[in-house]
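The following block contains the structure, expressed as structure tokens.
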Amino acid sequence: MSERRTLSIFGATGSVGLSTLDLVRQHREKYRVIALTANGNAVELAKLAKEFEPEIAVVADEAAYPALKDTLAGTATKAAAGPAALVEAAQMDADWTMAAIVGCAGLPPTMAAIEAGKTVALANKEALVSAGDLMMAAVEQSGATLLPVDSEHNAIFQCLAGGRIDQVRKITLTASGGPFRTYSLDQMRAVTPAQAVAHPNWDMGAKISVDSATMMNKGLELIEAHHLFPVGLDKLDIVVHPQSVIHSMVEYVDRSTLAQLGSPDMRIPIASALAWPERLETNSAPLDLARISKLEFEAPDLIRFPALRLARAAAEQGGATPAILNAANEVAVAAFLAGRIAFLDIVSVVEETLTGYRPNAPHSLTDLFSIDAAARAYASGQMDKLPHAA
Ligand code: NAD
Ligand code: MG
């Protein structure tokens with residue numbers, strides 16, 4: 001038997017992290033986990049560490065360290081905590097790294113893994129949206145391999161095996177449209193966090209579920225695609241496809257369009273990145289088109305979903321704009337989930353922050369983090385002025 005591939009999983013306790021570990025559980029003979037990380041849930045992380053026996057388990061939140069250390073005492077797994085420990089874990093000798101922390105908080109370890117020239121499976125889209133130019137330059141410089149995990153980008157990556165990037169005429173990202181696809185703006189005014197996180201097709205973390213509801217998720221994905229697949233923004237398109245069966249499409253110059261299809265189960269794109277360039281068996285539900293019977297498509301509505309317009313403009317402007325869009329969105333989504341602002345305020349706050357705060361383009365990660373912090377502060381100031389804000 002050949003050596004097992006070694007894996008580091010950042011954001012192991014989240015939706016993508018747990019789906020990744022579920023695949024490892026089914027293929028123990030192929031993979032060995034060497035590092036697992038979480039934010040502050042020491043109990044859950046320790047449970048996973050006992051099952052997968054990594055060399056190290058890291059909590060980002062230092063307050064969770066005592067609990068992690070006590071639970072792991074006497075096991076083969078070392079406990080660690082804090083931002084520096086997270087970055088050190090990213091520099092360990094792993095064959096494959098899953099970047100599945102949510103938000104820009106995932107940027108330091110993701111960049112550390114990239115700068116170390118590793119193979120990085122990227123789910124953490126906020127890091128790429130925020131630091132796209134810096135991250136792609138680091139990939140180029142270190143020779144790291146970036147494997148897209150986001151289902152759309154993974155689909156495009158697979159479809160691009162059918163031709164060369166300079167032969168692409170158009171890339172179409174599909175969007176489910178989220179839980180409020182058919183809602184009027186008036187109906188959206190009063191929706192609750194519970195309604196927003198109840199996605200019709202996918203079972204995901206709270207932040208990305210709210211992003212799907214505002215369609216900011218598709219906006220972030222447009223920027224993500226712009227960095228991963230350099231065909232030009234004018235060749236990147238979005239179509240709403242409520243069944244989430246076609247995960248995205250690539251049209252070539254001969255007008256041949258390749259699509260990737262599958263059940264809406266993140267274990268499928270994760271398996272593709274995990275086994276790449278091989279294939280891995282999964283026990284995900286097979287695609288049953290006769291049962292689904294109908295695939296529907298519609299153009300996205302930029303009036304009801306202005307996040308799409310803001311994100312495209314941010315991609316066009318480049319510089320600091322995508323980082324501001326992302327930072328303002330992160331704090332606004334958190335405020336909505338905490339019941340402090342209304343659903344439609346999320347994108348308004350993002351737009352106000354983009355209008356009011358216009359710094360120069362970041363030239364380093366240090367620049368980027370100060371832009372990120374200032375955009376968060378600006379967005380928070382805007383939210384304090386809102387009538388709903390508690
Ligand atoms: P989640 O909320 O379920 O999990 C997030 C993980 O990140 C957890 O392990 C959490 O402990 C960790 N974390 C949170 N804040 C942290 C911090 N400040 N420092 C360190 N770790 C922190 O999120 P998810 O749905 O698994 O999404 C993870 C990423 O993958 C996001 O960027 C999301 O956009 C992307 N993604 C998710 C899905 C999906 O189906 N869930 C699909 C495509 C892309
Ligand atoms: Mg996606």
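Order of listing sets the numbers, starting from 1, for every ligand and every atom in it. Quick caveat: nothing in here was measured; it's all calculated off a predicted structure. One-based numbering along the sequence shown.
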**Request:** Run the numbers for me: atoms of ligand 1, each under 4.0 Å from some heavy atom of A38, listed by number.
**Result:**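 Close to A38: 11 (O).
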
**Message:** Nearest non-hydrogen contact with atom 34 (O) of ligand 1 belongs to which option: E44, K125, M98?
**Reply:** K125

**Prompt:** Just going by heavy-atom distances, which of D150, T37, L48 is nearest to atom 43 (C) of ligand 1?
**Reply:** D150

**Item:** Non-hydrogen atoms of E126 and N326 that approach each other most closely
**Value:** CG-OD1, 3.2 Å

**Asked** To the nearest 10°, how many degrees is the angle D150 OD1 to the Mg ion (ligand 2) to E152 OE1?
**Response**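 Vertex the Mg ion (ligand 2), arms to OD1 of D150 and OE1 of E152: 100°.
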
**Fill in**
Among P109, S209, A105, closest by heavy atom to atom 18 (N) of ligand 1 is A105

**Request:** Considering heavy atoms of the protein only, find what lies nearest to atom 32 (O) of ligand 1 and give residue, atom and distance to 0.1 Å.
**Result:** E126 OE1, 2.6 Å

**Asked** Run the side chain to side chain contact (heavy atoms under 4.5 Å, CB included) check on V43 and T71 step by step: do they pass?
**Response** CA-CA 8 Å; V43 174; T71 328; over 6 Å; no

**Item:** Protein heavy-atom partner closest to atom 16 (C) of ligand 1 - residue, atom, separation in Å
**Value:**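 Looking at atom 16 (C) of ligand 1, the protein heavy atom closest to it is N39 CG, 3.4 Å.
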
**Request:** Determine whether any heavy atom of A12 lies closer than 4.0 Å to an atom of ligand 1.
**Result:** yes

**Closest to atom 29 (C) of ligand 1 (judged by heavy-atom distance), picking from L107, D203, I101, I208** = I101

**Request:** Kindly work out whether a path of hydrophobic side-chain contacts (I/L/V/M/F/W/Y, heavy atoms less than 4.5 Å apart) joins L325 to I341.
**Result:**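 No, separate clusters.
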
